[in-house]
Amino acid sequence: MSPVTACDVAVIGAGAAGLAAARQLRREGHNVVVFEKESQIGGIWVYNSATEPDPLGLDPTRPIIHSSLYSSLRTNLPRETMGFREYPFVAKKTGQRDLRRFPGHVEVLEYLKDYANEFGLSELVRFETEVSRVWRREGGKWEVRFRKRSGGDEDVDEDFDAVVVCNGHYTEPRIAYIPGVDRWPGKQIHSHNYRVPEPFQNKIVVLIGSSASAVDISREIASVANEVHIASWSNSNEESGTLPGYDNVWLRPMIESANEDGTISFPHGFKISADIILHCTGYKYHFPFLDTQGIVTVDENRVGPLYKHVFPPSLAPWLSFVGLPWKIAPFPQFELQCEWIAGILSGRISLPSQNEMMKDVEAFYDSLQASGVPKRYTHNMTGYQFEYNDWLATQCGAPKTEEWRKKIYHATSLNRKARPETYREEWEDEDLVLQAYQDFAKQVSCKQVS
């Protein structure tokens, strides 16, 4: 084994990915500084009732609200499969904690605070410190320019051996293209700026999307709106019926156009008058602070070129990204990505040559294209997250994903489809939950398991 090197590493963001990075980097012996523009840890999991003045989030000069949480949000994964591998997300019977298996967002933030406290991570974080630019100097060091949000407006530059980008990807809205919408007189909003259903009282709402947030929000606003029409490419091209269990929610094919008279047109000449279009259409990767001289780009929501979704080959290992993949259980994957990054920076784990990494990236992109996968789905890990996680674990010399974790994830996916209204309260994988808690009981850091 080659001698272990300690690096000075900047981590951008103190959400779940940034905390995992801080934990694994310090554990490996690196010197870590985490830059966090807000006043507390948690990133996306810090609820903010405020919304942005531009409800679609298109104005680049708008004041940014980082969080996209809505008030009623609950996890769509059970806590056993969601938690970090070394610090299980078990229900704590102390204080006002949320004991549900699919808890609300407040409980997730409390869990992240527990994780930070367990490993002493907050002392590594510079709060209320916004990074405005990250770039590589000629000598190879990375420069981070930042300013304290409260202490005047003076920029400070500090150099580091490496930078780990953990700024999340649920803040910059992606908007559906709707012909004629510029002349449509109604209101548009992206789910990034949705918090509570009351503003939709007695309205006719067209909601675009079919993701987790679309499912939750459509049902929530149906309790106050006159009508909710869910428009999605995944709905059939025929005029569809009502959503089972609702008499004021309709499934529609994708919108054809929005019209000056206030109507929305669907295929086959069907029209409705609508007050609001609500875009539940996802987000864009956005790194406004990062200057790589064009080496790393975001092209149709593909961040690339990246080896294994983490390292740009020509800048590896000194620049890395954590948490880009989606359709996954995020926290355990963050943990493994960060352990891999930390081990590579120390010299304990080797990367292939730049040329070999680039060939791997090109082969991956070619395989997506050959399979007809759109570029914007480059980081969608549906169907292979555990294969990827286990590859990372092998690189790190760490245990592969527990079988119960994989099975719970798959059982929940099936249950969510079968019982979209009640999967958070009804399930049939208690035997797997028991296996999970038997595993948790063996973990030293999980003190709350009796």
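Quick caveat, the model's predicted, so the values are computed rather than measured.
In this structure, the side chains of C166 and V322 come closer than 4.5 Å at one or more pairs of heavy atoms. Contact annotation: the side chain of S132 never approaches that of R147 to less than 4.5 Å [non-hydrogen atoms, C-beta and beyond]. Put simply, the side chain of E428 does not reach to within 4.5 Å of the side chain of L414, judged on heavy atoms. Looking at heavy atoms from C-beta onward, D247 lies out of side-chain contact with T242 at the 4.5 angstrom threshold. For the pair K407/T81, no side-chain contact is recorded, criterion being any heavy-atom separation below 4.5 Å from C-beta on. With a 4.5 Å cut-off on side-chain heavy atoms, W142 and V9 do not count as touching. Between S210 and W233, every side-chain heavy-atom pair lies at or beyond the 4.5 Å cut-off. P317 places none of its side-chain heavy atoms less than 4.5 Å from the side chain of I341.
Put simply, the side chain of T171 gets close to the backbone of H66: a donor and an acceptor are under 3.5 Å apart. At least one donor-acceptor pair closer than 3.5 Å links the side chain of S67 to the backbone N or O of V46. A donor-acceptor contact shorter than 3.5 Å is absent between the side chain of K417 and the backbone of T412. When atom types are taken as modelled, the side chain of R195 and the backbone of Y47 share no donor-acceptor pair closer than 3.5 angstrom. Between the side chain of H279 and the main chain of A176, a donor-acceptor pair closer than 3.5 Å is present. Side-chain atoms of T263 never come within 3.5 Å of backbone atoms of K271 as a donor-acceptor pair (strictly under, hydrogens ignored).
In terms of the salt bridge (charged side-chain N to carboxylate O under 4.0 Å, His left out) criterion, residue partners of R183 (sequence neighbours excluded) are, by chain and number, E260. A search for side chain to side chain donor-acceptor pair (under 3.5 Å) contacts involving D275 returns nothing, not counting sequence neighbours. Evaluation of the side chain to side chain donor-acceptor pair (under 3.5 Å) rule for S213 yields S211 as partners, not counting sequence neighbours. Qualifying side chain to side chain donor-acceptor pair (under 3.5 Å) partners for E421, counting only residues two or more places apart in sequence or in other chains: R219, Y246. Judged as a salt bridge (charged side-chain N to carboxylate O under 4.0 Å, His left out), and not counting sequence neighbours, K37 has no contacts. For Y423, the ring pair (Phe, Tyr, Trp, His ring centres under 6.0 Å) partners at least two apart in sequence or on another chain are F102. Listed by chain and number, the residues in a salt bridge (charged side-chain N to carboxylate O under 4.0 Å, His left out) with R136 amount to none (sequence neighbours excluded). Considering only residues two or more places apart in sequence or on other chains, H192 meets the ring pair (Phe, Tyr, Trp, His ring centres under 6.0 Å) condition with none of them. Looking at residues two or more places apart in sequence or on another chain, you find a side chain to side chain donor-acceptor pair (under 3.5 Å) between D98 and R100.
The local environment of NZ in K327 is sparse, with at most 12 non-hydrogen atoms from other residues, nucleotides or ligands closer than 6.0 Å. The 12-atom threshold is exceeded at NZ of K308, counting heavy atoms of other residues, nucleotides or ligands nearer than 6.0 Å.
Checked for salt-bridge contact, E425 and R74 meet the test: a charged N lies under 4.0 Å from a carboxylate O. One finds no salt bridge joining E362 and K359 here, because no Lys/Arg side-chain nitrogen approaches an Asp/Glu carboxylate oxygen to under 4.0 Å. The pair R79-E107 counts as a salt bridge, with a side-chain nitrogen and a carboxylate oxygen less than 4.0 angstrom apart.
Within the structure, the side chain to side chain donor-acceptor pair (under 3.5 Å) test picks out the following pairs touching residues 286-301 (sequence neighbours left out): R133-D291, D291-Q293, D299-K375. For residues 51-61, every residue pair satisfying the salt bridge (charged side-chain N to carboxylate O under 4.0 Å, His left out) rule, not counting sequence neighbours, is listed here: E52-R62.
When the options F84, F89, W404 are evaluated for a ring-ring contact (aromatic ring centres under 6.0 Å, His included) with F440, the one that passes is W404. When each of W340, F364, F321 is paired with H309, the ring-ring contact (aromatic ring centres under 6.0 Å, His included) condition holds for F364 and for no other.
Ring pair F386/H410 is perpendicular by interplanar angle, where above 60° counts as perpendicular and below 30° as parallel.
R302 forms a cation-pi arrangement with Y365, by the criterion of a distance under 6.0 Å to the ring centre and an angle within 45° of the ring axis.
Side chains of Q385 and Y409: a donor-acceptor N/O pair is present below 3.5 angstrom, by distance only. No side-chain donor from either of D216 and S72 sits under 3.5 Å from a side-chain acceptor of the other.
Taking CZ of R424 as the start and CG of L77 as the end, the distance is 9.5 Å to the nearest 0.5 Å.
The six-membered or imidazole ring of H229 lies near that of W250, with a centre-to-centre distance under 6.0 Å.
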Can you give each donor-acceptor pair under 3.5 Å made by side-chain atoms of residues 330-339, sequence neighbours left out, with the distance rounded to 0.1 Å?
unit_1	atom_1	unit_2	atom_2	d
Q333	NE2	N389	OD1	2.9
E335	OE1	R85	N	2.5
E335	OE2	R85	N	3.4
E335	OE2	E86	N	3.1
Q337	OE1	G323	N	3.0
Q337	NE2	Y388	OH	3.0

